[in-house]
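Reckoned from all heavy atoms, side chains included, excluding hydrogens, waters and symmetry mates. The structure presented is a predicted model; accordingly, all values stated were derived computationally and were not measured.
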Amino acid sequence: MIIIIMGVSGSGKSTIGKLLADALNWEFQDADNFHSTANIEKMRLGIPLNDSDRKPWLKDLQTAIAVWLQQNTNVVLACSALKADYRQYLLLDSDRMQLVYLQGSLNLLQQRLLGRQNHFMSEKLLNSQLETLEEPDDAICVDISEPPQLIVENLKTVIGL
């Protein structure tokens, strides 16, 4: 099974994803690691990515997901997956994949981003991400104001793991 933890920057995708993967003894992957050097540099400079920037990244993610599914590897993947068509491209097997959407207030997201260190994603990009975001209607929705451990325990229950 593959669980995609999605949301805008600062929503806690990596934190929740790592905690959930550890709790389940599953592999954790971060979609940020699939970005090209050029994409990372754009984001570091506060320049929003466009669809053509994201296309090779999404293709690499889709390829990795196909391999994980073929090998029956349980993975928690942290991935922004902001647009519905991105998610449709990545969700290769609805029976073996689950989408989790991390939601939070603008104020909380901004606070988290301002407190970040050593991350290429500029807090200047939050507004463009929120503008790009198409909220999913087929995901487990999670309020990120809850403590991370509680979120993980609730997710395990809701997903049935």
Side-chain angles (χ1 to χ4, degrees), residues 1-37 39-40 43 49 53-105 108-109 111-113 115-121 125-126 129-130 132-161:
M1 181 174 198
I2 298 172
I3 299 172
I4 297 179
I5 309 287
M6 67 155 291
V8 296
S9 186
S11 62
K13 297 180 297 292
S14 296
T15 299
I16 299 301
K18 287 175 187 171
L19 288 171
L20 181 60
D22 286 348
L24 298 172
N25 286 323
W26 286 15
E27 186 176 326
F28 173 76
Q29 293 285 334
D30 195 321
D32 285 348
N33 296 331
F34 290 78
H35 275 297
S36 68
T37 305
N39 280 3
I40 291 171
M43 290 184 282
L49 299 181
D53 294 324
R54 288 188 183 101
K55 192 176 236 179
W57 173 70
L58 288 166
K59 179 64 179 151
D60 289 345
L61 284 169
Q62 184 190 60
T63 300
I65 289 168
V67 169
W68 299 329
L69 288 169
Q70 181 183 9
Q71 295 176 346
N72 290 313
T73 304
N74 293 319
V75 176
V76 177
L77 173 65
C79 179
S80 54
L82 298 175
K83 289 187 176 183
D85 60 332
Y86 301 167
R87 295 187 295 272
Q88 186 175 9
Y89 190 74
L90 297 176
L91 292 170
L92 300 178
D93 184 338
S94 60
D95 292 333
R96 297 191 298 154
M97 295 184 75
Q98 178 64 59
L99 189 63
V100 174
Y101 172 40
L102 303 181
Q103 310 175 269
S105 70
L108 179 55
L109 293 166
Q111 285 176 13
R112 287 181 173 189
L113 289 174
R116 260 190 185 172
Q117 294 181 6
N118 301 322
H119 194 280
F120 63 82
M121 186 68 171
L125 295 176
L126 179 58
Q129 282 204 331
L130 290 169
T132 301
L133 177 65
E134 297 170 1
E135 291 193 331
D137 53 12
D138 58 346
I140 297 169
C141 295
V142 175
D143 176 358
I144 63 168
S145 66
E146 297 288 340
Q149 282 301 131
L150 181 59
I151 290 172
V152 168
E153 289 306 313
N154 289 340
L155 279 174
K156 286 171 46 182
T157 301
V158 170
I159 296 171
L161 300 171

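When the side-chain contact (heavy atoms from CB on, under 4.5 Å) test is applied to S145, the partners found at least two apart in sequence or on another chain are L108, D143. For the ring pair (Phe, Tyr, Trp, His ring centres under 6.0 Å) test, residues two or more places apart in sequence or in another chain that qualify with W57 are H35. Looking at residues two or more places apart in sequence or on another chain, you find no side-chain hydrogen bond (donor to acceptor under 3.5 Å, both in side chains) involving S94. For the side-chain hydrogen bond (donor to acceptor under 3.5 Å, both in side chains) test, residues two or more places apart in sequence or in another chain that qualify with D30 are S14.
The NZ atom of K55 sits 13.5 Å away from atom CG of D60, with the distance rounded to the nearest 0.5 Å. Interatomic distance, I16 CD1 to E146 CD, rounded to the nearest 0.5 Å: 10.5 Å. We find the CD-CG distance between Q103 and L109 to be 10.5 Å, quoted to the nearest 0.5 Å. Between the CG atom in L99 and the CE atom in M6 there is a gap of 6.0 Å [rounded to 0.5 Å]. To the nearest 0.5 Å, atoms NZ (K13) and OG1 (T15) are separated by 10.0 Å. For the atom pair CE (M97) and CG (L92), the distance works out to 5.5 Å, reported to the nearest 0.5 Å.
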Exercise answer: donor-acceptor pairs, residues 147-161 side-chain atoms, under 3.5 Å, sequence neighbours excluded:
unit_1, atom_1, unit_2, atom_2, d
N154, ND2, L150, O, 3.4
T157, OG1, E153, O, 3.2

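Sorted by first then second residue, the salt bridge (charged side-chain N to carboxylate O under 4.0 Å, His left out) pairs that include residues 63-80, not counting sequence neighbours, number zero. Among residues at least two apart or in separate chains, side-chain hydrogen bond (donor to acceptor under 3.5 Å, both in side chains) pairs with a member in residues 67-78 are N72-R96. Among residue pairs with one or both ends in residues 132-141, those qualifying as side-chain hydrogen bond (donor to acceptor under 3.5 Å, both in side chains) are Y101-E135; sequence neighbours excluded. Residues in residues 73-89 take part in these salt bridge (charged side-chain N to carboxylate O under 4.0 Å, His left out) pairs, two or more places apart or across chains: D51-K83. The salt bridge (charged side-chain N to carboxylate O under 4.0 Å, His left out) contacts involving residues 18-29 comprise nothing, where partners must be two or more places apart or lie in separate chains.
Scanning all heavy atoms of the two residues, the minimum distance from I3 to W26 falls at CD1-CZ3, 3.6 Å. In plain terms, the two heavy atoms of S9 and L113 that are nearest each other are OG-CD2, 3.3 Å. In plain terms, the two heavy atoms of I144 and R112 that are nearest each other are O-NH2, 2.9 Å. Residue Y86 comes nearest to L58 through the heavy atom pair CD2-CD1, 3.5 Å, listed as atom of the first residue, atom of the second, then distance. D53 approaches L49 most closely through the heavy-atom pair OD2-CA, 3.4 Å. Considering every non-hydrogen atom in both I5 and G17, the closest pair reads CG1-CA, 4.2 Å.
Here the side chains of L61 and Q29 are not in contact, with every heavy-atom distance at 4.5 Å or above.
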